[in-house]
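Hydrogens, waters and symmetry mates play no part in the numbers below; they use all other heavy atoms, side chains included. By convention in this document, chain letters (A, B, ...) are assigned in the order of the sequence lines, proteins followed by strands, and residues within each chain are numbered from 1.
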Amino acid sequence: MIADSAQRLKLVAIWLLLLAVPLWLPMFGGYMALGTRVLVLGLAAMSLNFLLGFTGVLSFGHAAYFGLGAYGTGLALKLMTHSTPLALVCGVLLGGIAGALLGALIVRRRGVYFAMVTIAFGQVFYFIAFRWNSLTGGDDGLRGFERQPLDFGVWTADILHNPILFFYFVLALFALAVGAMGFLLRSPFGRTLLAIRENERRARFLGIPVELHIWLSFTLSCFFISLSGGLNALLNNFADPTMLNYTQSGEIVIMIVLGGMRSFWGPLVGAAVFVLLQDYLSSLTTNWMSFLGAIFVIMVLFFPRGVLGMNWLEAFRALQGFLRRRGSQDSGRLP
Amino acid sequence: MRERILPADNNKLLAHAGAFLDSGAMTDLILFNVTNGLIIGAFYVLMALGLSLILNLSGVINFAHGGFLALGGYIAYTIAPYVGFWAALLLSPILVALLGLAIERLMIYRMYGRDPLYSLLLTFGLAFIFEDLTRAIWGATGLPFSVPDYLSQPVSSKFFFITEYRLFMVAVVAVAVGGLFLFLRFSRLGVRNVRALRSFNFALGIFLAGLAGVLAGGQLSLEPTMGANLLMPSFVAIIVGGVGSLTGTLLGGLLIGVASGITTVFWPAASDAVIYVMMAVVLLLRPRGLLGEEGLLS
């Protein structure tokens with residue numbers, strides 16, 4: 001009961017903090033696009049964590065679906081439609097369906113081999129984006145599209161020129177996706193995924209169709225990450241092949257580990273830390289890749305459970321317990 | 001930019017082959033590309049065998065393998081003026097293997113038996129550091145690594161594309177692979193000390209990467225990303241050949257090399273992607289890979 005209300009409090013705090021970003025971000029010298037970028041990559045990390053943290057399956061090739069979402073959205077805007085939402089739908093469908101098809105092929109692999117096969121398949125899409133010059137622009141990336149203002153009939157939201165409006169557009173879709181993930185994880189389906197993560201063999205003995213569940217989880221996470229990829233394309237009005245490369249996958253995985261992979265919100269925190277570090281380091285030194293690599297190494301060697309995400313809840317509970325003890329002492333003292 | 005060094009080189013050779021192409025014979029063109037494919041496949045094999053050794057014994061996918069490969073090439077480039085080509089060919093891989101041993105002893109051994117996520121991320125970070133440091137020390141632009149003149153002559157005028165260096169490379173790879181198989185078959189490196197065995201095994205894998213780096217340096221120019229470019233095809237070679245089988249890795253490497261060589265003839269733009277299509281087909285029809293042991297891939 002108390003844990004439940006604490007949970008609710010945390011949720012309210014998180015959403016208030018996110019809604020108020022345009023108010024407090026400039027105070028710390030941040031610019032709006034940085035906040036939007038954190039949100040977009042946070043959604044990517046949370047999408048992958050749906051699979052990694054809550055189903056226990058390691059995909060190291062999710063950048064492919066992230067990138068497919070971006071290219072799908074960009075190409076739709078460039079060639080087909082002037083509707084931003086419709087373009088996003090195209091991107092999500094492209095990435096999600098590709099994920100569903102490939103997922104069916106690899107769902108029987110486990111552990112390190114699953115990772116290896118996902119990386120290798122992810123590279124296919126990288127090569128397609130890289131090589132298909134006439135469609136994708138090849139190495140130079142996909143240009144020539146812009147996110148279009150949203151027309152609500154009575155009012156047009158100019159998300160192209162107003163970065164704050166675009167932030168709220170991204171936040172709305174982020175909320176939709178994260179809400180869906182949270183709903184799924186609370187449902188019996190989500191509980192089954194947790195059971196598979198905890199003990200696959202036992203889940204199998206209980207008659208749970210493990211492969212089907214892993215495939216569903218993989219596919220769902222591909223759909224979610226495609227959405228974040230599409231939003232990324234809209235954010236930059238640009239998509240390039242490195243978005244699909246396995247190095248991008250590695251960056252998304254490290255965001256998850258940074259924030260804590262057992263925590264629902266951890267990946268968002270990890271993405272924030274990662275984006276800020278990257279922004280800061282790349283302005284500071286040309287050798288920021290080494291620093292990034294060093295972060296990976298230090299994380300794995302010394303903070304495998306995440307610097308931030310790991311003990312938030314425990315710390316909160318500890319604080320709560322402390323407060324409650326004090327409270328009871330107080331009440332004991334009072335007549 | 002990434003991942004296209006070998007195919008680009010392939011195309012360059014194709015362009016150079018103008019006179020040869022005029023003779024028109026399709027079979028010759030295919031022969032030319034099959035030879036190319038075999039040579040590229042030999043690189044895949046050296047790289048993939050090292051990865052496979054480490055994966056099979058320690059369960060670690062070494063993302064930094066390409067970094068070691070590039071380092072092998074660059075160290076050979078640096079020491080060759082002092083010690084000569086032949087000594088560099090041997091010395092550079094040994095130095096790289098020693099570095100690999102140190103890294104294994106310091107960091108990688110902590111990952112054994114843990115969630116594969118961590119070894120992936122650790123070696124991934126190391127790969128970043130390797131590539132960046134290589135670029136900082138030797139520069140981002142390609143460096144030429146010259147081989148002795150007597151190795152760079154064509155074998156015959158008709159088959160001008162088969163230089164002696166290419167034959168030499170294939171021979172070195174064959175010797176290294178043969179030596180490795182004999183060693184694994186007959187050595188009495190027992191299971192008494194698993195810890196030491198894993199360290200030695202890791203260093204052996206890195207030695208192969210370093211050797212591939214020196215050989216590749218003589219064939220292509222040296223670039224910081226040259227190793228990372230070979231990493232993905234090596235994964236594919238391992239998966240196609242079958243995880244757990246070194247013979248499978250050998251077969252897989254040659255097979256995908258030849259496949260991408262032949263694809264270059266008919267559809268150059270797809271020469272990168274074809275190996276992944278092969279992998280998909282293999283996983284669909286024979287999930288454990290061509291020679292893989294049952295159950296190891298799952």
Side-chain angles (χ1 to χ4, degrees), chain A residues 52-53 56 58 60 101-102 104-117 119-128 130-134 138-139 241-242 245-247 249-251 253-254 256-258 261 285-301 304, chain B residues 1-4 7 51 55 59-61 63-64 67 106-107 110-111 114-133 135-136 228 231-236 238-240 243-244 268-277 279-280 283-284 287 292 296-298:
Chain A
L52 176 59
L58 172 58
F60 221 81
L101 291 177
L102 281 182
L105 206 59
I106 58 186
V107 73
R108 285 177 192 280
R109 316 283 150 250
R110 287 297 176 277
V112 77
Y113 306 114
F114 189 90
M116 206 153 103
V117 177
I119 301 164
F121 274 131
Q123 289 303 99
V124 179
F125 299 106
Y126 167 76
F127 279 121
I128 293 174
F130 192 93
R131 285 280 182 154
W132 197 350
N133 266 315
S134 55
D139 199 9
T242 57
N245 204 314
Y246 67 95
T247 46
S249 300
E251 287 179 7
V253 176
I254 202 73
I256 294 174
V257 176
L258 260 171
M261 56 190 261
T285 163
T286 51
N287 291 95
W288 66 275
M289 235 177 118
S290 289
F291 286 95
L292 205 61
I295 293 170
F296 276 54
V297 171
I298 290 166
M299 279 302 300
V300 170
L301 288 179
Chain B
M1 184 171 76
R2 267 168 198 281
E3 318 246 356
R4 71 170 175 193
L51 276 170
L55 177 64
V60 167
I61 294 181
F63 257 118
L106 276 175
M107 301 177 197
R110 294 170 202 264
M111 304 297 127
R114 279 173 63 182
D115 191 321
L117 170 73
Y118 295 112
S119 61
L120 270 173
L121 287 176
L122 176 68
T123 54
F124 195 75
L126 288 174
F128 268 28
I129 298 175
F130 269 46
E131 194 180 313
D132 200 44
L133 289 185
R135 189 176 289 126
L231 192 66
M232 284 305 131
S234 305
F235 280 11
V236 176
I238 293 173
I239 296 167
V240 166
V243 172
S271 61
D272 300 313
V274 68
I275 61 174
Y276 300 99
V277 176
M279 180 173 79
L283 282 177
L284 204 60
L296 256 180
L297 194 63
S298 48

For the residue pair [X] and [Y], what are the closest heavy atoms and their distance?
X: A:Val300; Y: B:Arg114; result: O-NH2, 3.7 Å
X: A:Ser290; Y: B:Ile129; result: O-CG1, 3.6 Å
X: B:Gly125; Y: A:Val297; result: C-CG2, 4.3 Å

May I ask you to test the [X]-[Y] pair for a side-chain heavy-atom distance under 4.5 Å?
X: B:Leu120; Y: A:Leu58; result: yes
X: A:Leu301; Y: B:Met111; result: yes
X: B:Val236; Y: A:Gln123; result: no
X: A:Val124; Y: B:Met279; result: no

As an exercise, state the distance from [atom1] of [X] to [atom2] of [Y], rounded to the nearest 0.5 Å.
X: A:Leu292; Y: B:Asp132; atom1: CG; atom2: CG; answer: 9.5 Å
X: A:Ile254; Y: B:Leu121; atom1: CD1; atom2: CG; answer: 4.5 Å
X: B:Leu231; Y: A:Ile119; atom1: CG; atom2: CD1; answer: 8.0 Å

Practice problem: Measure B:Ala280 against the heavy atoms of chain A and call it side chain, backbone, both or neither at under 4.5 Å. | Solution: both

Quiz item: What residue among B:Tyr118, B:Phe128, B:Phe63 forms ring pair (Phe, Tyr, Trp, His ring centres under 6.0 Å) with A:Phe296?
Solution: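 The residue from B:Tyr118, B:Phe128, B:Phe63 that satisfies ring pair (Phe, Tyr, Trp, His ring centres under 6.0 Å) with A:Phe296 turns out to be B:Phe128.
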
Quiz item: Does the separation of the ring centres of A:Phe60 and B:Phe235 fall below 6.0 angstrom?
Solution: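 Ring centres of B:Phe235 and A:Phe60 not closer than 6.0 Å.
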
Quiz item: Residues in side chain to side chain donor-acceptor pair (under 3.5 Å) with A:Asn133, at least two apart?
Solution: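 Listed in chain order: nothing, the list is empty.
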
Quiz item: Who passes ring-ring contact (aromatic ring centres under 6.0 Å, His included) against A:Phe125, sequence neighbours left out?
Solution: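 So A:Phe125 forms no ring-ring contact (aromatic ring centres under 6.0 Å, His included) with any residue.
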
